[in-house]
There are 2 protein chains.
Amino acid sequence: MQFGERIKQLREEKELLQRQLAASLEIDTPMYSKIERGERKAKREQVITLAKLLNANEEELLTIWLSDKIIENIGDETFGLAALKLAEKELKKKSK
Amino acid sequence: MQFGERIKQLREEKELLQRQLAASLEIDTPMYSKIERGERKAKREQVITLAKLLNANEEELLTIWLSDKIIENIGDETFGLAALKLAEKELKKKSK
DNA sequence: TTAATTTAGCCAAAATTTGACAAGTCATAA
DNA sequence: TTATGACTTGTCAAATTTTGGCTAAATTAA
């Protein structure tokens with residue numbers, strides 16, 4: 001599940017309108033619409049605000065959001081998976 | 001192994017100077033130095049050029065380079081590993 | 001149809017990235 | 001010591017990318 005898809009799901013569960021969330025995020029509705037469709041990406045702070053507005057788990061949303069950014073970073077490189085695995089290895093090394 | 005570290009290794013094996021590679025890449029030596037130390041990141045085209053100059057495997061270098069970008073993207077998020085694993089799952093889904 | 005919601009496209013402002021330059025350190029040689 | 005060559009550091013401006021606002025179009029609901 002991608003980020004936009006997930007917040008749309010949560011928004012619809014709560015029966016909120018895009019323009020309501022947009023107002024709370026202090027952006028306009030078209031911008032919010034783009035975030036929901038993945039055409040633009042939310043900023044970290046916006047994800048946190050959204051988690052509150054949607055009564056969602058902040059870390060869950062941040063994880064999906066970051067995953068989206070990583071996927072976007074990879075683009076359509078054929079070696080994307082190899083790079084991901086290498087990154088995982090390096091990240092583990094780093095955390096030690 | 002990170003990208004800068006790897007190209008430094010290759011450069012030293014070939015006994016080339018930073019300024020020689022810098023000239024071939026059409027950037028100045030300080031900039032090349034920063035790339036080697038990971039202070040700046042190379043552009044995709046530069047990685048390809050470097051692979052040629054260093055007689056290295058292009059895909060190997062690109063993979064390390066992309067991995068570095070991913071790691072940088074993650075920053076020090078505590079859920080970085082979770083996001084990586086999710087990204088991997090989504091990437092596999094995407095490629096189908 | 002009309003009204004409300006959502007999406008599309010375009011343009012400017014803001015932020016980030018890239019690169020050049022000047023000046024610095026460090027090691028070695030004369 | 002002084003000089004030279006390799007590399008590094010810091011700062012600034014140019015270029016690119018990202019972000020957001022606006023208008024208008026499309027879709028959906030009543």
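We use all heavy atoms of the structure for the numbers below, so side chains are in, but hydrogens, waters and symmetry mates are not. All figures in this text were calculated on a predicted structure; none of them were measured in a lab. Below, read A as the first sequence line, B as the second, and so on, with proteins coming before strands; counting in each chain starts at 1.
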Sorted by position of nearest nucleotide on DNA chain C, 5' first, the leading residue of Pro30(A) and Lys43(B) is Pro30(A)
Between CG of Leu21(B) and P of dA6(D) the distance, given in whole Å, is 13 Å
Contact between Gln9(B) and Glu13(B) at the side-chain level, heavy atoms closer than 4.5 Å - yes or no?
yes
With the side chain defined as heavy atoms from C-beta on, Arg40(A) is closest, among dT7(C), dC10(C), dA20(C), to dC10(C)
Inset, instruction - Check every strand shown and say whether Arg44(A) touches a base, only sugar-phosphate, or nothing at a heavy-atom separation below 4.0 Å. - result: nothing
Closest to the side chain of Lys34(B), out of dC21(C), dT7(C), dT17(C), is dC21(C)
Would you please test Leu84(A) and Ile70(A) for side chain to side chain contact (heavy atoms under 4.5 Å, CB included) and show each step? CA-CA 9 Å; Leu84(A) 266 182; Ile70(A) 292 167; 3.8 Å; yes
Rounded to whole Å, the CD-P distance (Glu39(B) to dA20(C)) equals 15 Å
Leu17(A) atom CG is separated from dT28(D) atom C1', nearest whole Å, by 13 Å
From CZ of Arg19(A) across to P of dA3(C) the rounded distance in Å is 15 Å
Atom CD of Glu15(A) and atom P of dT5(C) are separated, to the nearest Å, by 13 Å
Please state whether the phosphate of dT8(D), meaning OP1 or OP2, lies under 4.0 angstrom from any side-chain nitrogen or oxygen of Ser33(B). yes
With the side chain defined as heavy atoms from C-beta on, Gln18(B) is closest, among dT8(D), dG20(D), dC22(D), to dT8(D)
query = Does Arg37(B) have a side-chain nitrogen or oxygen under 4.0 Å from the phosphate oxygens OP1 or OP2 of dC7(D)?
reply = no
> Counting just side-chain N and O atoms, does Gln46(A) come under 4.0 Å of either OP1 or OP2 of dG20(D)?
Replying inline: yes
Tyr32(A) atom OH is separated from dG20(D) atom P, nearest whole Å, by 14 Å
Open item on the list: Surrounding CG of Asn57(A) (heavy atoms of other residues, nucleotides or ligands, distance under 6.0 Å), is the total greater than 12?
Closed with: yes
Which of dT8(D), dT18(C), dC7(D) is nearest the side chain of Met31(B)? It is dT18(C)
Ile35(B) atom CD1 is separated from dT9(D) atom P, nearest whole Å, by 15 Å
Closest to the side chain of Lys41(B), out of dT6(C), dA8(C), dT18(C), is dT18(C)
Report task. Would you confirm whether Glu58(B), through its side chain, and Lys52(B), through its main-chain N or O, come within 3.5 Å as a donor-acceptor pair? Result -> no
note: Lys8(A), atom NZ; dT6(C), atom P; distance rounded to Å ~ 9 Å
Note to self: Is it the case that the side chain of Glu90(A) and the backbone of Ser67(B) share a donor-acceptor pair, with hydrogens and angles ignored and the cut-off at 3.5 Å?
What the structure shows: no
